[in-house]
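Just below is one structure, and these are the notes that go with it.
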Number of protein chains: 2
Amino acid sequence: METLRERKKRRTRQALLRAALELFTTQGYEHTTVDEIAEAVDVSQRTFFRYFAGKEEAAFAVQEMTEARFVAAVRARPPHEAPMEALRQAVLEGWDAIRETVESAVPVELYLRMYRTIGSTPSLLAAHLRRSAATEETIARLLAEREGVDVDADPRPRLAVAVFGGVIRVTERQWSTGEDFSLEAIRALTASYLDQVGSALTGNWGDARGC
Amino acid sequence: METLRERKKRRTRQALLRAALELFTTQGYEHTTVDEIAEAVDVSQRTFFRYFAGKEEAAFAVQEMTEARFVAAVRARPPHEAPMEALRQAVLEGWDAIRETVESAVPVELYLRMYRTIGSTPSLLAAHLRRSAATEETIARLLAEREGVDVDADPRPRLAVAVFGGVIRVTERQWSTGEDFSLEAIRALTASYLDQVGSALTGNWGDARGC
DNA sequence: TGTCAACTGTCAGTGGCTGTCATTAGCCTC
DNA sequence: GAGGCTAATGACAGCCACTGACAGTTGACA
């Protein structure tokens with residue numbers, strides 16, 4: 001049972017988050033001041049900072065949820081699966097379950113808009129990449145444990161995860177600069193690009209085109 | 001022939017850069033104010049901002065040079081070379097020529113210290129990753145042109161570069177958290193890790209250990 | 001119902017960064 | 001070599017993100 005105080009807090013946080021994302025995605029992250037966000041929810045600026053450590057944290061609040069979900073999905077993959085295959089399955093599962101993951105906080109449509117805003121805002125892109133790096137470190141440790149190797153002595157877990165992360169970033173980039181901003185589009189792109197890594201590394205692209 | 005005014009500007013910039021890196025690496029980036037840097041060189045804060053767009057730009061001024069050199073090295077690789085091999089050679093050449101590249105601005109030792117500071121400062125790490133992403137985009141276009149494919153239609157150039165960039169990041173991380181902060185160490189790590197990507201992707205690390 | 005603790009608002013202050021304007025100092029011409 | 005021109009600088013005011021401190025308010029709970 002949820003107390004009134006808790007309900008109020010949750011509502012305030014949700015309102016702040018939603019107002020923030022709405023403003024970020026419509027008028028731009030840099031051109032949105034914390035005062036504006038606070039004013040939109042009718043709280044003081046100080047209160048905003050009690051819910052979010054900064055503008056940035058608000059911008060990534062939903063991403064945080066999907067990342068956590070992805071990490072959990074990797075953890076849940078059967079141990080006999082090869083590392084790269086486990087990552088592939090986990091990320092695709094993540095896209096399949098995105099509605100369920102996100103909708104409790106904000107509409108999926110707003111989430112997708114924010115996703116693109118992150119890609120087109122330099123400071124947010126930087127933060128996103130740093131966050132991805134942190135997630136990759138988590139995953140690398142997970143895989144290392146799973147496979148029974150020492151993550152600090154054997155570079156292969158980190159290498160594998162870095163490669164995987166690289167592919168994901170290319171996918172994100174392509175999706176957010178393309179025309180089809182649907183969920184299906186990014187899921188399909190993810191699968192397609194993961195399939196093409198091997199051939200990308202071998203070179204001879206000119207010759208192999210169309211094969 | 002260099003005029004007096006130009007000489008003064010160059011000296012001021014160099015003094016600011018050096019003071020900034022010295023302060024960043026000794027007392028930390030976040031704990032260094034622009035006022036401190038300006039004071040150390042005996043100019044006004046406003047003048048600092050006339051030479052550098054912000055603290056961040058000063059922190060990356062030397063990295064900027066090495067990145068440019070790397071891009072040039074890739075461009076100079078023979079066209080018949082496979083893409084990944086060209087990248088590998090270019091980055092190793094870059095490490096070999098690092099003294100020559102950097103010493104005109106600051107001592108190499110200061111550059112290496114700053115390199116590590118970037119890795120251990122979240123906001124600088126974020127900026128570094130974003131800058132890397134920009135460089136990767138440049139390289140991807142370069143490779144695509146070289147190989148005669150369309151960078152927007154064919155994902156393989158970006159995928160290859162992303163994979164390569166991922167390996168480099170793992171290398172940087174390992175180097176900056178290890179004990180050997182020498183130039184030789186990072187060069188050797190780079191070569192070693194690039195060799196291991198293949199085996200990292202195949203999985204079965206436990207079985208393959210020691211092979 | 002009264003006490004406590006959580007939540008919030010207000011205010012003052014720091015630091016990064018920008019625009020403006022007057023002043024200084026190198027440059028170049030007559 | 002005296003003058004005007006212009007780049008470089010300093011001083012100042014101001015915006016915005018963010019923080020600490022303190023006081024007021026409002027749910028929780030005995």
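Letters A, B, ... mirror the listed sequences (proteins, then strands); counts begin at 1. As the structure is a prediction and not an experimental result, all values here were calculated from the model.
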Quick one: label B/Thr32 by what it contacts on the DNA or RNA (base, sugar-phosphate, nothing), any heavy atom closer than 4.0 Å. sugar-phosphate
State which of C/dC17, D/dA17, D/dG27 makes the closest approach to the side chain of A/Phe49. D/dA17
Trace of the salt bridge (Lys or Arg N to Asp or Glu O under 4.0 Å) decision for B/Glu109 with B/Arg113: CA-CA 6 Å; B/Glu109 174 265 342; B/Arg113 259 158 61 206; 2.5 Å; yes
Using modelled atom types and a 3.5 Å cut-off, is there a donor and acceptor pairing between side-chain atoms of A/Arg146 and backbone atoms of A/Glu81? yes
Without hydrogens or angle criteria, can the side chains of B/Glu30 and B/Ser123 be said to hold a donor-acceptor pair below 3.5 Å? yes
The residue, B/Leu4 or B/Glu56, whose nearest nucleotide of DNA chain C is more 5′ is B/Glu56
Between the base of C/dG9 and the side chain of A/Arg50, is one N or O donor paired with an acceptor at under 3.5 angstrom? yes
Among D/dC18, C/dC17, C/dT8, the one nearest B/Lys55 by side-chain distance: C/dC17
Atom CZ of B/Arg7 and atom C1' of C/dA25 are separated, to the nearest Å, by 14 Å
For the residue pair B/His128 and B/Phe60, does the interplanar ring angle fall in the parallel (under 30°), tilted (30 to 60°) or perpendicular (over 60°) class? parallel
For DNA chain D, whose closest nucleotide is more 5', that of A/Glu6 or that of B/Arg5? B/Arg5
Tell me: CZ of B/Arg11 to P of D/dT9, nearest whole Å? 12 Å
Starting from P on C/dG16, measure out to CD on B/Glu30 and report it in whole angstrom. 9 Å
Counting only side-chain N and O atoms of B/Lys9, is one of them less than 4.0 Å from OP1 or OP2 of D/dA7? no
A/Glu2 atom CD is separated from D/dG27 atom C1', nearest whole Å, by 14 Å
Could you state the atom-to-atom distance from CD of A/Glu57 to P of D/dC18 in whole Å? 10 Å
Describe the nucleic acid contact of A/Tyr51 in one word from base, sugar-phosphate, nothing, applying a heavy-atom distance below 4.0 Å. sugar-phosphate
Donor-acceptor pair, B/Arg156 side chain versus A/Trp205 backbone, under 3.5 Å? yes
With no hydrogens and no angle check, just 3.5 Å: does a side-chain donor-acceptor pair link B/Glu39 and B/Gln45? no
Distance alone, cut at 3.5 Å: any donor-acceptor contact between the side chains of A/Tyr115 and A/Glu172? yes
Of the residues in residues 34-46 of chain B, which ones touch DNA chain C at a heavy-atom distance under 4.0 Å? B/Val34, B/Gln45, B/Arg46
Whole angstrom is fine here: how far is it from NE2 in A/His31 over to P in C/dC17? 16 Å
Has B/Lys8 got a side-chain N or O lying under 4.0 Å from the OP1 or OP2 atom of C/dG26? yes
